[in-house]
> 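Please find one structure pasted underneath; my questions will follow.
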Amino acid sequence: MAEALPTDHISGPEEAVNRRLHRRIATRLEGRIVFAGVDSECLIHEMSASGAIVEVTPLPALGARMALDVPGVGFARGFTARHTADGHAVVALDMPPEKRDRVVDRLILAAFNNPPLT
């Protein structure tokens, strides 16, 4: 199982916490990520209203500000909070509270249609 994602309304890497307030949903969603002059396709392995585990090349630097677009789920801005042992980026998302429930509902449906590989 993956480690906890940084949570809640985070404005910078120094405020990232290692506890979960939003349920992570395992999935295999294709998306787009933009950071530091890079616009790339990516694969989202887990996502919640406050974060995501993203497979992308090149790997963004720690603290890099980014935008993540997941078709059928939504668009969010955030930053790279850390890297996983298997070379993925853990992205802390800065999602307004009023948008979270809607994004989670869309994420559940998208994950149902795109389950993770076993």
Side-chain angles (χ1 to χ4, degrees):
M1 179 177 271
E3 298 174 33
L5 295 174
T7 59
D8 216 313
H9 208 70
I10 299 173
S11 61
E14 66 282 347
E15 295 176 9
V17 294
N18 197 22
R19 59 190 168 94
R20 201 176 313 120
L21 295 178
H22 302 97
R23 188 175 114 208
R24 290 178 299 168
I25 298 171
T27 189
R28 189 168 177 81
L29 295 171
E30 294 178 0
R32 287 204 82 67
I33 191 166
V34 177
F35 61 92
V38 174
D39 182 346
S40 180
E41 293 180 351
C42 64
L43 189 61
I44 296 98
H45 291 280
E46 291 186 9
M47 189 170 175
S48 73
S50 57
I53 296 178
V54 179
E55 182 178 339
V56 63
T57 302
L59 197 61
L62 292 176
R65 299 297 300 175
M66 65 183 53
L68 181 64
D69 185 19
V70 185
V73 176
F75 173 86
R77 296 182 190 274
F79 67 91
T80 307
R82 62 187 171 81
H83 298 137
T84 65
D86 52 354
H88 299 151
V90 176
V91 178
L93 300 174
D94 188 18
M95 190 167 307
E98 63 274 5
K99 193 175 171 184
R100 290 179 184 162
D101 288 340
R102 187 174 52 226
V103 166
V104 169
D105 289 345
R106 291 179 186 160
L107 178 58
I108 290 168
L109 180 59
F112 180 77
N113 293 321
N114 300 279
L117 298 177
T118 54

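Being a predicted model, the structure only gives us computed values, none of them experimental.
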> Quick one: list whatever passes salt bridge (Lys or Arg N to Asp or Glu O under 4.0 Å) with Asp86, sequence neighbours left out.
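Result, salt bridge (Lys or Arg N to Asp or Glu O under 4.0 Å) vs Asp86: none returned.
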> What distance do Cys42 atom SG and Arg32 atom CZ have between them, rounded to the nearest 0.5 Å?
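Reported to 0.5 Å precision, the distance equals 8.5 Å.
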> Return the set of residues passing side-chain hydrogen bond (donor to acceptor under 3.5 Å, both in side chains) with Asp101 (not counting sequence neighbours), or none when no residue passes.
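Residues passing side-chain hydrogen bond (donor to acceptor under 3.5 Å, both in side chains) with Asp101: none at all.
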> What's the separation between atom CD in Glu46 and atom CG in Leu29, rounded to the nearest 0.5 Å?
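So the gap between those two atoms works out to 11.5 Å.
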> If I compare all heavy atoms of Ala76 with all of Leu93, which pair ends up nearest, and what's the gap?
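Scanning both residues completely, I find the closest heavy atoms to be CB-CD2, 4.0 Å.
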> Looking only at heavy atoms, which two atoms of Glu41 and Val56 are closest? And how far apart?
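Closest approach of Glu41 to Val56: O-CG2, 3.8 Å.
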> How many angstroms lie between CD1 in Ile33 and CG in Leu43, if you round to the nearest 0.5 Å?
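So the CD1 of Ile33 and the CG of Leu43 are separated by 11.5 Å.
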> Any side-chain to backbone donor/acceptor pair from Arg100 onto Met95? Under 3.5 Å, distance only.
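The answer is yes, because a donor-acceptor pair under 3.5 Å joins these two groups.
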> Just how far is it from atom CD1 of Ile44 to atom CD of Glu55, taken to the nearest 0.5 Å?
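The CD atom of Glu55 is 10.0 Å from CD1 of Ile44, to the nearest 0.5 Å.
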> Considering all heavy atoms of both residues, which atom of Met66 and which atom of Val91 are nearest to each other, and what is their separation?
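Where Met66 meets Val91 most closely, the heavy atoms are SD-CG2, 3.4 Å.
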> Between Gly63 and Phe79, which heavy-atom pair has the shortest distance, and what is it?
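Here Gly63 and Phe79 meet closest at O-CB, 4.0 Å.
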> Can you give each donor-acceptor pair under 3.5 Å made by side-chain atoms of residues 105-117, sequence neighbours left out, with the distance rounded to 0.1 Å?
unit_1 : atom_1 : unit_2 : atom_2 : d
Arg106 : NH1    : Val73  : O      : 3.4
Asn113 : ND2    : Leu109 : O      : 3.3
Asn114 : ND2    : Ala110 : O      : 3.0

> Could you report the tightest heavy-atom contact between His88 and Ile53, atom names first, then the distance?
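For His88 and Ile53, the tightest heavy-atom pair comes out as CB-CG2, 3.9 Å.
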> Okay, side chain of His83, backbone of Ala61: is any donor-acceptor separation there less than 3.5 Å?
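Looks like no, no N/O pair under 3.5 Å.
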> Please determine which of Leu59, Val90, Leu62, Val54 meets the side-chain contact (heavy atoms from CB on, under 4.5 Å) test together with Thr80.
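One option only clears the test, and that one is Leu62.
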